[in-house]
Amino acid sequence: MGVVPIIDISELSSGDIAKRAEVAARLDSACAEIGFFQVVGHGIDEHLIQQMYDVSRAFFALPLERKNAVAQPDKDTIRGYSSIGEQALNYNDDPTAPGDLHEKFDVGPVDVPADDPYYSRELAGTHFADNPWPVEPPSMAEVWTEYFRACDELATRLMRGFALALNLPEHWFDATLDRNISMLRAIHYPDQHTAPKPGQMRAGAHSDYGSLTLLRQEEAPGGLQVFTKDGDWVPVPVVPGALVVNIGDLMAQWTNDRWTSTRHRVANPPRDLTSGTDRMSLVFFHQPNYDAVVECIPTCLAEDDRPRYTPITSGDHLLNKFRGTFETSKAG
Amino acid sequence: MVELRRSGVTRRVPADRTLLSVVLEVRPEVDFNCLRGDCGACVSVVLDGEPLHRDTVLSERARAAGRRIALCVSRARSETLVLDL
């Protein structure tokens, strides 16, 4: 088996708790060792995923000025289109560092009640900001909304598996997820006709912010790599029909580092390939309710250890990440 | 001293220079990025010698094993460090 295990999670929906616990045990060992696994039996319709690829490709194929009609409004509001080179996902705080070689489109929660103050800008800030749907392709809003809901449902199922894995009641996370502030992103990595600048990648080394990430990747040169506990960069192979799942920094904090949020990056294709390397990924960043307090889960506190992180709400944790403060406040 | 075994080259690493800058003179294709031990781009395989880790990217396990080094910030405890480069 490779560094990133493949786990069939269909039994998470089994009526037999022993079968659910069996899957949970596999999730636990994957999250402790590498923080990455690939899921099959995840229940998301392959036809829906194909529709996501079709509409998103049609959007990225539009002329730049049409894409910029739905450009991201500001750095705290991760919505809409960002063009190539705008974002640098790395640990470099040098503002002149070259941007990553991808363009992207983001949306946030899709089923936001209109008149509940919990979701208002006054209380929720930008976490439930409107989604700027493009005029074209016309079915973009409908397809993305359906896929967002499917990912949200899968993430909840996985979090229940996580609860079992952490010796918690199965629905322990539910109350922290029912008004989650997740985001869905399509990332397009075009062919590289000119050589990247030194240090410039499709996506620089980073770990994810939130609870978990669901990634659908395509087979093409220049792909995802993870940094193992042994100190090696290892490619994550494309498994047909599977989704890659990884946990983010928030889950590492929640589990007091029992689970690991692993650095990963998207490598450039080999320089002798300037065509046939075009690649698109669909990424769902799951992030709990903005007012959910993330503090050391009781079952994750080893006898000889103490809570390593200051409690923080999910919303503040996310905003701190947007603002580029990579240093998490470690307790005393 | 640093020995790049596959290249068959040994160089002195002066106190005021990084291991990475010396390695790049011999192997300019070696990858690097953040230059502060955070991103993992320049991590290389150690064949012999004892690294003095100053990075934040290697896990406790990799540190204890002593067979990987972040060239941009780390140095050596031993007189010579042999790299698989």
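Both backbone and side-chain heavy atoms feed into the values below; hydrogens, waters and symmetry mates do not. Values in this document were obtained by computation on a predicted structure and should not be read as measured data. The chains referred to below are lettered A, B, ... by the order of the sequence lines, with proteins before strands, and numbering in each begins at 1.
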- Item | From C39(B) atom SG to F227(A) atom CZ, the distance as rounded to the nearest 0.5 Å | 9.0 Å
- Greatest number of heavy atom pairs closer than 4.5 Å to chain A - which of A62(B), A41(B), A70(B): A62(B)
- Item | Side-chain (R67(B)) to main-chain (G231(A)) donor-acceptor, under 3.5 angstrom | no
- Note on the structure: Pair count under 4.5 Å, heavy atoms only, with chain A: among L58(B), V43(B), V57(B), highest is V57(B)
- CG-NE2 distance between D38(B) and H206(A), expressed to the nearest 0.5 angstrom: 14.5 Å
- Task: Please determine, among Q200(A), E33(A), M201(A), the option with the most heavy-atom pairs under 4.5 Å with chain B.
- Result: E33(A)
- Query: Can we say R68(B) and D230(A) salt-bridge, meaning some charged N sits less than 4.0 Å from an Asp/Glu carboxylate O?
  - Reply: no
- Message: Report, in residue-number order, which members of residues 11-32 of chain B are under 4.5 Å from chain A by heavy-atom distance.
- Response: D31(B), F32(B)
